[in-house]
Amino acid sequence: MHGLGNDFVIIDARADDLDITTVMASNIANRHNGIGCDQLIVLKQSAKADVRMLIFNADGGEVEACGNASRCVVALLGDDITIETSGGLLSGTTANGNPTVNMGAPRFAWDSIPLAYAMDSLDMPIGWEDLENPVAVNVGNPHVVFFVDDADKVELDRLGPQIEIDPLFPERINVNIASQTKRGLKLHVWERGVGLTKACGTGACATAVAAIKRGLVSSPVSITLPGGELSISWEEDGPIMMSGPATYVFKGEADWSSFR
């Protein structure tokens, strides 16, 4: 499945449990020798929700949250479901057409993102070349958001990997570059453990919340990514609601032992 081109291999392991290693996840995600995806999603039984979702980036590392994958799981399993993730409990519905996911409340405290030391996360006194004074926010996973005049002109393929592994971010970071448009915000994302992506749901959530906090836009916010458009709604102290398409591509079988 994919959400705006952000694509996933989804394994339903609720009936037959499956243990995924870092090597296995990265081999499955490999676009040349595996199946190919940005993230591998494994669905398991949950004691606190309808389903538990494990998320592995293309490099094999497990991460806490993925907004586009959450919408795909809602579209796959049906209406009004709850999803347990390492980043928190989510809920989703398909009642209004596109899958909509309640992503929970954002966190702005420096140690919740986390940052290596205390600072104002809404106006960070740091920069990388011309990228300055970003916002940091945790929306189930950590993000840093830069607002620029034209997101298309930023060399994110060069700067993204530098910022991702900066010691300021002890768990690494997802890097978002946004600029205002007549419709809302244009966004490019360097995703931790993946690289440049056509879309990032949590990145869209983080960017919308950061822009609302900065007074640049009001809710709901239209976020345009290279793969398409998402709608993000958020009111102060409330949960983030993300709505957008989720596309079923194909179903198949594989010999999992070949990926070990």
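Only a predicted model underlies this, so the values are computations on that prediction, with no experimental measurement involved.
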(Q) Between the side chains of D38 and R31, is the shortest nitrogen-to-carboxylate-oxygen separation below 4.0 Å, so that they form an ion pair? (A) yes
Q) Is the side chain of T82 donor-acceptor paired with the backbone N or O of A49 at a distance under 3.5 Å, no angle test? A) no
Q) To the nearest 0.5 Å, what is the distance between CZ (F259) and CE (M24)? A) 7.5 Å
Q. Taking NZ, NE, NH1 and NH2 as the nitrogens, is one of them in E129 or R158 under 4.0 Å from a carboxylate oxygen of the other?
A. yes
Q. Any side-chain donor-acceptor pair under 3.5 Å between N57 and Q39?
A. yes
Q. Quick one: does F146's side chain get under 4.5 Å of N133's, heavy atoms only?
A. no
Q: Answer with yes or no whether the side chains of T85 and E64 bring together a donor and an acceptor at under 3.5 Å.
A: no
Q. Can you get from V189 to W128 by hopping between Ile, Leu, Val, Met, Phe, Trp and Tyr side chains that sit under 4.5 Å apart?
A. no
**Q.** Pair D120-W110, side-chain donor/acceptor within less than 3.5 Å
**A.** no
Q.
Working to the nearest 0.5 angstrom, can you tell me the gap between L187 CG and I177 CD1?
A. 8.5 Å
(Q) When you measure from the side chain of S70 to the backbone of C66, do you find a donor-acceptor pair of N or O atoms at a distance under 3.5 Å? (A) yes
**Q.** D7 vs M1 side-chain heavy atoms within contact, under 4.5 Å
**A.** no
Q: Determine whether the side chains of H188 and D152 contain a donor N or O and an acceptor N or O closer than 3.5 Å.
A: yes
(Q) side-chain contact (heavy atoms from CB on, under 4.5 Å) for F147 and L216? Distances and angles first, verdict last. (A) CA-CA 10 Å; F147 294 101; L216 301 177; 3.7 Å; yes
Q | Rounded distance [0.5 Å steps], OG1 in T94 versus CG in D80 | A | 7.0 Å
Q: Before accepting this row, confirm whether a basic side-chain N of the pair E164/R192 lies closer than 4.0 Å to the acidic partner's carboxylate O.
A: no
Q.
Taking A65's backbone N and O only, do any of them form a donor-acceptor pair with N141's side chain (distance below 3.5 Å, no angle check)?
A. yes
Q. Is D255 salt-bridged to R260, going by a charged N under 4.0 Å from an acidic O?
A. no
Q | Backbone of E191 reached by a side-chain donor or acceptor of N174 within 3.5 Å | A | no
(Q) Applying the side chain to side chain contact (heavy atoms under 4.5 Å, CB included) criterion to V221, which one of I212, T207, L230, V209 satisfies it? (A) I212
Q.
I need the D149 CG to D130 CG distance, nearest 0.5 Å.
A. 10.5 Å
Q | Salt-bridge contact K44-D16 (side-chain N to carboxylate O under 4.0 Å) | A | no
Q) Any donor-acceptor pair under 3.5 Å linking the side chain of S121 with the backbone of F108? A) yes
